[in-house]
2 protein chains.
Amino acid sequence: MDSLQPQASRSGIDHSPGRACAPVAGSDWQALLGGPPLNGAELHALNQMVELRSLSAGAPVMQREQPALHLLAVLRGAVGLGQARHDQPFHLERTVRGPAWLDLSSAWLAQGFAQDARAQGEAQVLALPLAAMRTLLSHEALMLDRLMVGLSRTVQSLTGTAHDLMHKDAEKRLAAWLLQRAEGDTLLQLGERKRDIAAQLAITPETLSRMMRQLKLKGLIEVQGYSVSLLAPAALRQLAAD
Amino acid sequence: MDSLQPQASRSGIDHSPGRACAPVAGSDWQALLGGPPLNGAELHALNQMVELRSLSAGAPVMQREQPALHLLAVLRGAVGLGQARHDQPFHLERTVRGPAWLDLSSAWLAQGFAQDARAQGEAQVLALPLAAMRTLLSHEALMLDRLMVGLSRTVQSLTGTAHDLMHKDAEKRLAAWLLQRAEGDTLLQLGERKRDIAAQLAITPETLSRMMRQLKLKGLIEVQGYSVSLLAPAALRQLAAD
DNA sequence: CGAACCCTTGATACGCTTCAACAAGAGTGG
DNA sequence: CCACTCTTGTTGAAGCGTATCAAGGGTTCG
């Protein structure tokens, strides 16, 4: 096998506290909400209504059709969105790595969650009850903007992935994924199983393996187990472009 | 050829007024914003800030990278979102048929529009300046909900199309498209060119033609030029399901 | 050690695209 | 009016991209 890295505690859900009372750092709120620095009143209001959940690998975060009463965000770790089928394996479509919003949309609609979500390893998730959030929004004008920006970013990101699925082949999507994941850096540690990466790219693990080899043969990347280094980011960007 | 229907005035843009001063009906606002009936104050405020644009076939509605200062909606007609390439043909990805929101997200971000948009035939588009909208939102609590619902619906719709592109083949996507487009009815008039339908399904016109024949041979639909009747909606739903 | 899991590689099969040809309206101009 | 062109949809043959199936090797765990 590869030198291994992602060790997703194959046992699945274990007895987790489910909800801890640790506070959320101001810097975390800032990372999540963005915009101008949060003032004390905002932080106080947020910390008063927030619910924190510490999850272990595989723990469910959202369940389809369940009523959605909270805005959800990932603080630490990663959460996978997709479909849980009665048949065993969870089908992954997208993963959110904290700190970032996980689901800002379901709570505003009356239909419950549209997807399932599972913690990918140890993760910390926070939930803001929509009812309380609504009253906060009516007082704090800035908070509205922050939320709108979060929701808008989700829209643009989803538009992008739809576009990629329509027009880019597997190699292009992989190149784009690597670049986005590296965040400008040139060395990159894959923290998840390769089959999960493949699922997000909507290809099979076999194809992912072949595409990695392709990029390696072209001299664009170097692969050693779960660490990938981008040898020619410019060429990769070129390749990933439509 | 088929008995023809969609006649997109091949000449493209013609001299349009660009902006007319007709008012927007209360029923249109309601269709767009949903929720509890809009009161007089809300309608007044909206009508005061709204900008109405009457567009002829092919006229640009959004242009990539252009600053986005308005929330956009389609009142009448249809608008296509996609990419305009320096090379001639506009590549369609999604179409919005009025009355419905066209773009609620770009204005909140500082990066301008992420896609191009073109009127697909005669269309009427309305624009709400974000600056004015922001102050309205701080006064009218209900309006916030309506907007959030609109944005959330966009998110869920995009999540759905991404899911379909990942997991459904051409036949399934076509079946799903037909069902959604029929809106429960059994007879269905295609108002657009079939190649545009194909583009939205991310397949070639040739494949669309073949898939139509497939469904016809299976006795699920009947096709006569640009009118399609769904003979077995239940079976179609079954086919379209994952 | 064997069992379970992961990644890789190769052979084959299938879905869809691409390319080419054709039929049928629509617009144009003689 | 007809001939001509442009555009659209349809059909068939060939080819590419990716999935599927099967086998093998590596690592961890009991």
Side-chain angles (χ1 to χ4, degrees), chain A residues 1-12 14 57-58 88-92 120-121 164-175 190-217 221 223-228 239, chain B residues 1-12 14 57-58 88-92 120-121 164-175 190-217 221 223-228 239:
Chain A
M1 187 203 181
D2 266 316
S3 67
L4 68 173
Q5 183 94 353
Q7 206 48 345
S9 144
R10 113 180 36 146
S11 52
D14 61 53
Q88 275 297 4
F90 182 76
H91 199 127
L92 185 67
Q120 311 254 81
D164 289 0
L165 287 169
M166 290 202 246
H167 302 309
K168 291 185 185 173
D169 62 16
E171 193 179 42
K172 283 189 207 298
R173 293 207 298 275
L174 174 55
L190 306 181
E192 58 225 299
R193 298 182 304 175
K194 291 189 179 167
R195 56 180 23 162
D196 290 333
I197 300 174
Q200 292 178 63
L201 295 172
I203 60 182
T204 59
E206 292 94 327
T207 305
L208 175 61
S209 180
R210 288 186 247 268
M211 292 303 143
M212 287 283 226
R213 190 173 30 162
Q214 284 283 334
L215 294 182
K216 195 160 58 179
L217 288 178
I221 65 176
V223 186
Q224 214 155 330
Y226 281 90
S227 55
V228 180
L239 175 63
Chain B
M1 184 203 184
D2 264 318
S3 66
L4 68 174
Q5 183 94 354
Q7 207 46 349
S9 143
R10 116 179 35 146
S11 51
D14 61 51
Q88 274 296 4
F90 181 77
H91 200 126
L92 185 68
Q120 310 255 81
D164 289 0
L165 287 169
M166 290 202 246
H167 302 309
K168 291 185 184 171
D169 60 16
E171 192 179 43
K172 283 189 207 298
R173 293 207 298 275
L174 174 55
L190 306 182
E192 57 225 301
R193 299 181 303 173
K194 291 188 179 169
R195 54 180 28 166
D196 290 333
I197 300 174
Q200 290 177 66
L201 295 171
I203 59 182
T204 59
E206 292 94 328
T207 305
L208 176 60
S209 179
R210 289 185 247 267
M211 292 303 144
M212 287 282 225
R213 190 172 32 160
Q214 285 283 334
L215 294 182
K216 195 158 60 181
L217 288 178
I221 64 175
V223 186
Q224 216 155 331
Y226 282 90
S227 56
V228 180
L239 176 63

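Below, read A as the first sequence line, B as the second, and so on, with proteins coming before strands; counting in each chain starts at 1.
Looking at residues two or more places apart in sequence or on another chain, you find a side chain to side chain contact (heavy atoms under 4.5 Å, CB included) between B/A175 and B/L236, B/L239, B/A240. Applying the side chain to side chain donor-acceptor pair (under 3.5 Å) rule to B/S209 yields no partners; only residues at least two apart in sequence or on another chain are considered. Take A/K172 and apply the side chain to side chain donor-acceptor pair (under 3.5 Å) test, not counting sequence neighbours, and it matches no residue. Residues forming a side chain to side chain donor-acceptor pair (under 3.5 Å) with A/H91 (at least two apart in sequence, or on another chain): none.
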Discussion item. Working note: B/I203 + B/R173, criterion side chain to side chain contact (heavy atoms under 4.5 Å, CB included); need CA distance, chi angles, decisive distance, verdict.
Written reply: CA-CA 10 Å; B/I203 59 182; B/R173 293 207 298 275; 3.5 Å; yes
Worksheet item: Under the side chain to side chain contact (heavy atoms under 4.5 Å, CB included) criterion, do B/Q120 and B/L92 qualify, and how do the steps go?
Response: CA-CA 10 Å; B/Q120 310 255 81; B/L92 185 68; 3.9 Å; yes
Protein-nucleotides 21-24 of chain D N/O pairs under 3.5 Å:
unit_1	atom_1	unit_2	atom_2	d
D/dC21	N4	A/E206	OE2	3.1

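Taken residue by residue, residues 196-204 of chain A places heavy atoms nearer than 4.0 Å to DNA chain D at A/A202, A/I203, A/T204. Heavy-atom distances under 4.0 Å link DNA chain C to no residue of residues 165-173 of chain A.
Dashed line: the shortest gap from a side-chain N or O of A/Y226 to OP1 or OP2 of C/dC7 is under 4.0 Å. Considering only side-chain N and O atoms, A/S209 lies nowhere under 4.0 angstrom from the phosphate OP1 or OP2 of C/dC7.
Across the protein-nucleic acid pair, A/M212 atom CE and C/dT9 atom C1' stand 15 Å apart, rounded to whole Å. Taking atom CG of residue B/L208 and atom P of nucleotide D/dT11, one finds them 12 Å apart after rounding to whole Å. Rounded to whole Å, atom C1' of D/dT11 lies 13 Å from atom CD of B/Q214. We find that CZ of B/R193 is positioned 10 Å from P of D/dT7, with the value rounded to whole Å. What separates CD of A/Q224 from C1' of C/dC7 is a distance of 15 Å, to the nearest Å. Nucleotide D/dT27 holds its P atom 13 Å from the NZ atom of A/K194, rounded to whole Å.
If you check every strand for non-hydrogen atoms under 4.0 Å, B/M211 touches sugar and phosphate atoms only.
Smallest separation of non-hydrogen atoms from A/M212 and A/V228: CE-CG2, 4.4 Å. Taking every heavy atom of both residues into account, A/G225 and A/K194 meet most closely at O-NZ, 3.2 Å. Taking every heavy atom of both residues into account, A/M166 and B/A202 meet most closely at CG-CB, 3.8 Å.
With D/dG12, D/dT18, C/dC7 as the choices, the nucleotide that has an atom nearest any side-chain atom of B/R213 turns out to be D/dG12.
Side chains of B/L217 and B/R213 form a contact here, defined as non-hydrogen atoms less than 4.5 Å apart.
Among pairs with a residue in residues 196-211 of chain B, those fulfilling salt bridge (Lys or Arg N to Asp or Glu O under 4.0 Å) read B/R193-B/D196, at least two apart in sequence or across chains.
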